[in-house]
Amino acid sequence: LFGTMIFLTIGGDAWMVRGISQTFSLVPLTSAPHIASMLGGVEQVFGAIFTATLEIAAPVLIALLMTDAAFGVVSRVVPQLNVFAVGFPVKVIVTLIIVAATLPFVSSWVAGQLSNTVGNALLALRFG
């Protein structure tokens, strides 16, 4: 839901329409791009997508790792405390706080990534 809202806010739908229209000018309907040149483009795009997902998820993953480490210390110091009962709500709260703190920075970053990805896809088609 949040991803769709960010996608529409940054004008991702317009980027997609522009990208589709440019593919028809680069590769007409009567011809097809070379498969060998497209494989390199597909590999580059999937690598960029994987890197982008790690970059977006990194703050939340680091915060959850630090929360788990803190609960590990607490469980050793206070063994009577049920860490599982307390830990889950605290993890949810920490995750929501980190997502809320990083959300203003994500929209411009996603716009840049979308622009780069569409550009790379068009370059893969152009060399075909």
Side-chain angles (χ1 to χ4, degrees):
L1 182 64
F2 289 120
T4 305
M5 290 181 354
I6 291 173
F7 183 75
L8 292 175
T9 302
I10 64 173
D13 53 341
W15 278 102
M16 296 299 291
V17 170
R18 273 188 239 134
I20 290 172
S21 69
Q22 287 186 6
T23 57
F24 287 121
S25 64
L26 292 174
V27 181
L29 289 175
T30 58
S31 66
H34 297 290
I35 298 297
S37 67
M38 291 208 36
L39 286 177
V42 167
E43 180 182 329
Q44 183 180 10
V45 168
F46 278 128
I49 289 172
F50 183 74
T51 304
T53 56
L54 285 179
E55 288 175 359
I56 286 179
V60 173
L61 292 174
I62 290 171
L64 288 177
L65 182 67
M66 291 171 60
T67 305
D68 281 337
F71 277 125
V73 171
V74 168
S75 70
R76 287 290 188 178
V77 173
V78 186
Q80 295 85 7
L81 180 68
N82 187 0
V83 177
F84 291 115
V86 177
F88 185 72
V90 171
K91 284 184 182 181
V92 171
I93 291 169
V94 167
T95 302
L96 290 176
I97 288 171
I98 296 297
V99 167
T102 59
L103 199 58
F105 305 107
V106 171
S107 63
S108 62
W109 184 85
V110 169
Q113 288 293 322
L114 185 62
S115 173
N116 290 339
T117 304
V118 169
N120 290 339
L122 291 175
L123 283 175
L125 288 174
R126 182 175 293 140
F127 292 121

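These numbers come from a predicted model, not from an experiment. Every heavy atom of this structure was used, including side-chain atoms; hydrogens, water molecules and symmetry mates were not.
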Open item on the list: Just to verify, what does Leu8 make a side-chain contact (heavy atoms from CB on, under 4.5 Å) with, not counting sequence neighbours?
Closed with: Thr4, Asp13

Open item on the list: If I take atom CD1 from residue Ile6 and atom CH2 from residue Trp109, how far apart are they, to the nearest 0.5 angstrom?
Closed with: 10.5 Å

Task: Single hit among Leu65, Thr95, Thr102 for side-chain contact (heavy atoms from CB on, under 4.5 Å) with Val60 - done: Thr95

Task: Non-neighbouring partners of Thr51 that pass side-chain contact (heavy atoms from CB on, under 4.5 Å), sequence neighbours left out - done: Glu55

Task: Ala63 to Thr67 - nearest heavy-atom pair and separation - done: O-OG1, 2.7 Å

- [ ] Could you identify which residues cluster with Ile62, counting Ile, Leu, Val, Met, Phe, Trp and Tyr as linked when any side-chain heavy atoms lie under 4.5 Å apart, either directly or through a chain of such contacts?
- [x] Met66

Open item on the list: List the residues meeting side-chain contact (heavy atoms from CB on, under 4.5 Å) with Ala111, not counting sequence neighbours, and say none if there are none.
Closed with: Ile10

TODO: Answer with yes or no whether the hydrophobic clustering places Val99 together with Ile56; edges join I, L, V, M, F, W, Y residues whose side-chain heavy atoms lie under 4.5 Å apart.
DONE: no

TODO: Give the cluster check for Leu96 versus Leu64: same hydrophobic cluster or not, with ILVMFWY residues linked at side-chain heavy-atom distances below 4.5 Å.
DONE: no

Report all side-chain donor-acceptor pairs from residues 72-93 shorter than 3.5 Å, counting only partners two or more places apart or in another chain.
from: Ser75; atom 1: OG; to: Phe71; atom 2: O; distance (Å): 3.4
from: Ser75; atom 1: OG; to: Gly72; atom 2: O; distance (Å): 2.8
from: Asn82; atom 1: OD1; to: Phe84; atom 2: N; distance (Å): 3.4
from: Lys91; atom 1: NZ; to: Asp68; atom 2: OD1; distance (Å): 2.7

Task: Pairs involving residues 97-115, ordered by first then second residue, that meet salt bridge (Lys or Arg N to Asp or Glu O under 4.0 Å) (sequence neighbours left out) - done: none

